[in-house]
S.K.: 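Here it is, the structure in full.
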Amino acid sequence: MPALDHPLIDQFLDALWLEKGLSDNTRVSYRSDLALFNGWLQEHGVSLPDAGRELILDHLAWRLDQGYKPRSTARFLSGLRGFFRYLLREKRVAIDPTLQVEMPQLGKPLPKSLSEADVEALLQAPDLGEAIGQRDRAMLEVLYACGLRVTELVSLALDQVNLRQGVLRVMGKGSKERRCPWAKRRCCGCSATCAMAALNCSMVAPATSCSPASAVSR
């Protein structure tokens with residue numbers, strides 16, 4: 001089916017760019033979706049502004065038969081709703097036919113995980129002969145062993161670490177504090193205190209001026 005441009009599509013996208021500053025990729029996607037819909041309507045003998053709810057539902061069923069993914073259809077509906085709101089505002093149509101058209105249900109994708117070999121390769125990547133390598137190794141081990149978010153890791157301070165009990169006090173989302181067990185073992189070839197000192201200072205100071213040993217002595 002050929003996609004057909006329409007002057008109203010150009011006007012809508014120009015207004016969208018001026019008002020919301022959407023990215024080029026989003027505007028290209030909206031143009032493609034609307035032009036495809038316009039071509040489908042032309043085959044049914046209907047002009048784009050005259051499309052009603054029933055025709056929109058028929059087009060959604062057609063997209064399903066053609067194998068379009070739910071996320072692609074959700075993007076199409078988002079653009080179509082914006083298009084008819086624009087036409088309604090500009091008094092080109094009397095009603096918005098998309099008001100009673102529901103968005104498709106989008107399942108949340110499962111997070112991607114690393115294999116054990118991937119994790120081991122990542123932990124072995126830092127050069128432990130340099131201060132920044134010891135810092136990176138300490139960060140990776142704490143991140144992996146404690147299940148921290150990256151933002152929680154980089155904001156971790158020494159007073160949140162209890163080496164005697166092997167516990168970290170972590171401030172998470174919503175300023176909620178939780179305690180994470182941390183194995184009391186040597187980390188990246190230096191003491192746990194040394195590793196945590198490297199972790200604590202290296203996010204701010206240059207690596208060349210903040211070795212783990214110097215951080216402990218401060």
S.K.: Which value, rounded to the nearest 0.5 Å, describes the distance between Gln134 atom CD and Asp127 atom CG?
M.R.: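 Spacing of CD (Gln134) from CG (Asp127) equals 9.5 Å.
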S.K.: Taking His6 for its side chain and Leu8 for its backbone only, find out whether a donor-acceptor pair lies under 3.5 Å.
M.R.: yes
S.K.: Do the side chains of Trp40 and Asp58 get nearer than 4.5 Å, heavy atoms only?
M.R.: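 Asp58 reaches Trp40 side chain to side chain.
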S.K.: Quick one: salt bridge (Lys or Arg N to Asp or Glu O under 4.0 Å) partners of Asp5, sequence neighbours excluded?
M.R.: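 For Asp5, no residue satisfies salt bridge (Lys or Arg N to Asp or Glu O under 4.0 Å) once neighbours in sequence are set aside.
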S.K.: Looking only at atom types and distance, does a side-chain atom of Arg53 sit under 3.5 Å from a main-chain N or O of Gln100, one as donor and one as acceptor?
M.R.: yes
S.K.: Answer whether the closest heavy-atom distance between the side chains of Tyr144 and Leu122 falls below 4.5 Å.
M.R.: no
S.K.: Got a second to check how far Glu130's CD is from Asp136's CG, nearest 0.5 Å?
M.R.: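 These two atoms lie 10.0 Å from each other.
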S.K.: Do Arg137 and Gln124 have side-chain heavy atoms sitting under 4.5 Å apart?
M.R.: yes
S.K.: Taking the side chain from Ser29 and the backbone from Asn25, do they hold a donor-acceptor pair closer than 3.5 Å?
M.R.: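 Answer holds: yes.
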S.K.: Given 3.5 Å as the limit, does a donor-acceptor pair link the side chain of Glu177 with the main chain of Val170, or not?
M.R.: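 No.
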S.K.: Same cluster or not: are Val46 and Val93 linked, directly or through other Ile, Leu, Val, Met, Phe, Trp or Tyr residues, by side-chain heavy atoms under 4.5 angstrom apart?
M.R.: yes
S.K.: Can you name the nearest heavy-atom pair linking Ser47 to Leu41, along with the distance?
M.R.: O-CD1, 4.1 Å
S.K.: So, for Arg75 and Tyr30, which heavy atoms are closest and what is the spacing to 0.1 Å?
M.R.: O-CE2, 3.7 Å
S.K.: How close do Cys180 and Leu148 get, heavy atom to heavy atom, and via which atoms?
M.R.: SG-CD2, 3.9 Å
S.K.: Check for a donor-acceptor pair, side chain of Arg81 on one end and backbone N or O of Val101 on the other, with a separation under 3.5 Å.
M.R.: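 Confirmed, Arg81 side chain pairs with Val101 backbone.
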S.K.: Which distance, rounded to the nearest 0.5 Å, do you find between the CG of Leu153 and the CG of Leu143?
M.R.: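 Leu153 CG to Leu143 CG: 5.5 Å, rounded to 0.5 Å.
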S.K.: Please name the pair of heavy atoms, one in Pro181 and one in Cys146, separated by the smallest distance, quoted to 0.1 Å.
M.R.: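 Closest approach of Pro181 to Cys146: O-SG, 3.6 Å.
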S.K.: Just so I know, are the side chains of Asp33 and Tyr68 near enough to count as touching, which here means a heavy-atom distance under 4.5 Å?
M.R.: no
S.K.: Does Trp62 share a hydrophobic cluster with Leu57, counting links as ILVMFWY side-chain heavy atoms below 4.5 Å and allowing steps through other members?
M.R.: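 Looking at the clustering, Leu57 is in the same group as Trp62.
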S.K.: Are the side chain of Gln160 and the backbone N or O of Arg169 linked by a donor-acceptor pair below 3.5 Å?
M.R.: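 Present.
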S.K.: Would you say that more than 12 heavy atoms from the other residues, nucleotides or ligands in this model lie under 6.0 Å from the CZ of Arg179, or not?
M.R.: no
S.K.: Answer yes if Leu80 and Leu16 sit in the same cluster of Ile, Leu, Val, Met, Phe, Trp and Tyr residues linked by side chain heavy atoms under 4.5 Å apart, and no otherwise.
M.R.: yes
S.K.: Report the residues that fulfil salt bridge (Lys or Arg N to Asp or Glu O under 4.0 Å) with Glu19, sequence neighbours left out, ordered by chain and then residue number.
M.R.: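 By the salt bridge (Lys or Arg N to Asp or Glu O under 4.0 Å) rule, Glu19 matches Arg89.
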S.K.: Step by step, would you call Ile95 with Leu88 a side-chain contact (heavy atoms from CB on, under 4.5 Å)?
M.R.: CA-CA 7 Å; Ile95 59 172; Leu88 193 63; 5.5 Å; no
S.K.: Look up atom CD1 in Ile9 and atom CZ in Arg27, then write down how far apart they are to the nearest 0.5 Å.
M.R.: 14.5 Å
S.K.: At their closest point, which heavy atom of Phe84 faces which heavy atom of Ile56, and how far apart are they?
M.R.: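 Result for this residue pair: CE1-CD1, 4.5 Å.
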S.K.: Heavy atoms only: give me the nearest Pro126-Leu140 pair and the separation to one decimal.
M.R.: CG-CD1, 3.9 Å
S.K.: For Phe76, what residues pass the ring pair (Phe, Tyr, Trp, His ring centres under 6.0 Å) criterion, not counting sequence neighbours?
M.R.: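 Partners of Phe76 under the ring pair (Phe, Tyr, Trp, His ring centres under 6.0 Å) test: Phe37, His59.
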S.K.: Any carboxylate oxygen within less than 4.0 angstrom of a Lys/Arg side-chain nitrogen, looking at Arg31 and Asp10?
M.R.: yes
S.K.: Under a 3.5 Å threshold, yes or no: a donor from one side chain and an acceptor from the other, between Thr98 and Arg85?
M.R.: no
S.K.: Which distance, rounded to the nearest 0.5 Å, do you find between the CD of Glu152 and the CE of Met171?
M.R.: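 Taking CD in Glu152 and CE in Met171, the distance rounds to 10.0 Å.
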S.K.: Verify side-chain contact (heavy atoms from CB on, under 4.5 Å) between Val142 and Leu168, making sure each step is shown before the conclusion.
M.R.: CA-CA 10 Å; Val142 172; Leu168 306 181; 3.8 Å; yes
S.K.: Side chains of Thr73 and Leu60: does their closest heavy-atom pair fall under 4.5 Å?
M.R.: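 Answer yes - side chains close enough.
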